[in-house]
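Nothing fancy with the numbering, it's 1 onward along the sequence. Atoms within each ligand, like the ligands themselves, are counted from 1 in listed order.
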Amino acid sequence: MKEAHRIFLSEKEMPKRWYNIQADLPTPLRPPLNPATRQPVKAEDLAAIFPPALIEQEMSQERWIPIPEEVLKIYALWRPTPLVRAFRLEQALQTPARIYYKNEGVSPSGSHKTNTAVPQAFYNRAAGIKRLATETGAGQWGSALSLACNYFGLECTVYMVKVSYEQKPYRRSLMEVMGAKVYASPSEMTETGRKALRENPSSLGSLGLAISEAVEDAAGRDDTNYSLGSVLNHVLLHQSIIGLECLEQFKLIDDYPDVVIGCCGGGSNFGGIAFPFLHEKIRKDKDVRVIAVEPTACPTLTKGSYSYDFGDVASFTPLLMMYTLGHKYEPPGIHAGGLRYHGASPLLSSLYHDGLIEARAYGQIPVFEAAITFARSEGILPAPESAHAIRAAIDLALECKESGEARTILFNLSGHGHFDLTAYDAYLSGKMEDSTYPEELIEKLAASLPVIE
Ligand SMILES: *Cc1c(COP(=O)(O)O)cnc(C)c1O
């Protein structure tokens with residue numbers, strides 16, 4: 001084992017292929033179902049809102065998929081991202097554990113989301129599309145897609161969940177700087193939005209609702225496609241570059257993680273860092289634990305049901321087999337907006353169901369406490385979402401302190417928190433509340449899941 005503070009790969013060493021875990025699943029995925037017929041979705045069903053290359057990737061069983069040259073060139077603006085040894089955090093915790101983090105916060109939009117925004121814009125442009133419609137929670141996905149659309153001369157329209165639109169006005173400004181049109185969701189722009197406003201004029205919105213608005217927008221126009229920042233197989237495929245780089249970086253220092261941790265909203269940054277390690281676990285018998293971390297306010301994996309459900313409130317999307325809290329679940333307005341999604345990626349859900357992935361949930365106060373510990377020791381302000389992973393990494397490091405074991409812990413720093421200072425203010429001034437999730441509500445919503453024979 002060699003000691004290094006920052007482990008860099010050169011541009012030449014950047015992986016040239018994405019890893020598709022569909023090739024290695026112990027149980028094959030159950031197919032997505034057409035919302036109207038409840039029959040498996042056909043490629044044609046998706047063609048109204050996705051370009052052919054992404055539909056092919058969504059269904060592909062190929063283990064390795066080449067990254068297009070044009071995408072590699074744009075990735076090289078910030079990739080490979082550094083793997084950093086958190087010496088100062090280790091010291092602060094007095095732990096014998098070695099803690100590493102992969103810093104995806106160095107991307108131009110400030111999170112891992114740019115890794116999929118760029119290829120999605122690329123494949124849409126290649127298919128002759130002029131405009132993309134999407135939703136955004138905390139604003140990271142909207143920012144990532146707005147700038148990716150710029151690289152390829154596409155227009156971008158973003159439906160931003162209202163609670164975040166109000167909490168994070170500067171994320172909206174950033175999207176507008178990049179040339180995107182941004183609407184608070186529920187909005188007056190779509191039938192779905194207008195209906196939601198009639199039912200509840202003070203709705204905080206949710207990712208599920210914003211997705212319905214964006215899908216409705218895209219389905220209604222020939223020049224427009226829909227773009228999703230998480231959950232789907234092709235998104236997790238693009239994110240695999242994170243873990244693939246980590247594998248190369250660990251080789252350089254002759255170390256290997258015992259535990260890999262990522263926060264989990266729809267599952268894309270977690271899948272991105274963890275799946276290349278699961279590949280080694282499944283194919284090469286590597287002994288590695290992977291842990292997904294979610295908020296107690298939206299405990300999809302730890303409290304949800306494994307069932308077919310819609311991806312959105314209005315039931316426009318295909319039914320996906322996934323862990324879900326029910327597509328009508330409107331999570332409390334916690335500060336980690338990117339983790340307020342009722343479902344989880346079908347790939348991640350299947351692996352979790354098969355026992356290859358562990359999950360845990362934390363309330364936002366212990367999460368912010370961990371964020372502050374990290375910020376004060378490493379000097380980086382983490383996104384509230386990423387701080388969930390930090391909380392778990394710190395807890396594992398503290399377990400090592402108890403047991404005296406020198407484990408190697410890797411977590412994904414999925415993004416920086418420069419736009420989240422309102423949340424940090426709330427925490428530091430003692431105004432943050434720990435929203436416990438409403439158990440009866442979750443039970444009621446679970447009972448309302450669509451029944452599939
Ligand atoms: C969007 C986002 C998440 C959650 O989404 P996943 O698809 O679960 O990764 C986590 N961290 C950051 C910084 C995000 O922007």
Can you name the atoms of ligand 1, numbered from 1 with element, that are less than 4.0 Å from a heavy atom of [X]?
| X | answer |
| --- | --- |
| E385 | 10 (C), 11 (N), 12 (C) |
| C263 | 10 (C), 11 (N) |
| L339 | 4 (C) |
| C264 | 8 (O) |
| Q140 | 13 (C), 15 (O) |
| G415 | 13 (C) |

For ligand 1, is there an N or O atom under 3.5 Å from any N or O atom of [X]?
| X | value |
| --- | --- |
| G266 | yes |
| G265 | yes |
| S386 | no |
| N269 | yes |
| G267 | yes |

Rounded at 0.5 Å granularity, tell me how far CZ in R360 sits from CG in L301.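 If I round to the nearest 0.5 Å, the distance is 13.0 Å.
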
Suppose we measure from [atom] to each protein heavy atom; which comes out shortest, and what is that distance?
| atom | result |
| --- | --- |
| atom 15 (O) of ligand 1 | K113 NZ, 2.6 Å |
| atom 4 (C) of ligand 1 | G338 O, 3.4 Å |
| atom 7 (O) of ligand 1 | S230 OG, 2.5 Å |
| atom 13 (C) of ligand 1 | S414 OG, 3.3 Å |

Quick check: do L278 and L351 have side-chain heavy atoms less than 4.5 Å from each other?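 In short, these two side chains touch, coming nearer than 4.5 Å.
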
Polar side chain donor-acceptor pair, T134 to W141, under 3.5 angstrom: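 Yes.
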
Between Q239 and K113: side-chain donor-acceptor atoms closer than 3.5 Å: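 Absent: no donor and acceptor within the cut-off.
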
For the backbone of M178 and the side chain of N150, can you confirm whether one donor and one acceptor N or O come within less than 3.5 Å of each other?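 Indeed, once roles are kept as given, a pair shorter than 3.5 Å links the two residues.
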
Report yes or no: does a heavy atom of Q239 sit under 4.0 Å from some atom of ligand 1?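 No, Q239 has no heavy atoms under 4.0 Å from ligand 1.
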
Parallel, tilted or perpendicular: which fits the ring planes of [X] and [Y], with parallel below 30° and perpendicular above 60°?
| X | Y | value |
| --- | --- | --- |
| F87 | H5 | tilted |
| Y256 | F250 | tilted |
| H238 | W18 | tilted |
| F374 | Y101 | perpendicular |

Quick one: do H342 and Y329 satisfy ring-ring contact (aromatic ring centres under 6.0 Å, His included)? Show the steps, please. CA-CA 6 Å; H342 68 273; Y329 183 60; 8.4 Å; no

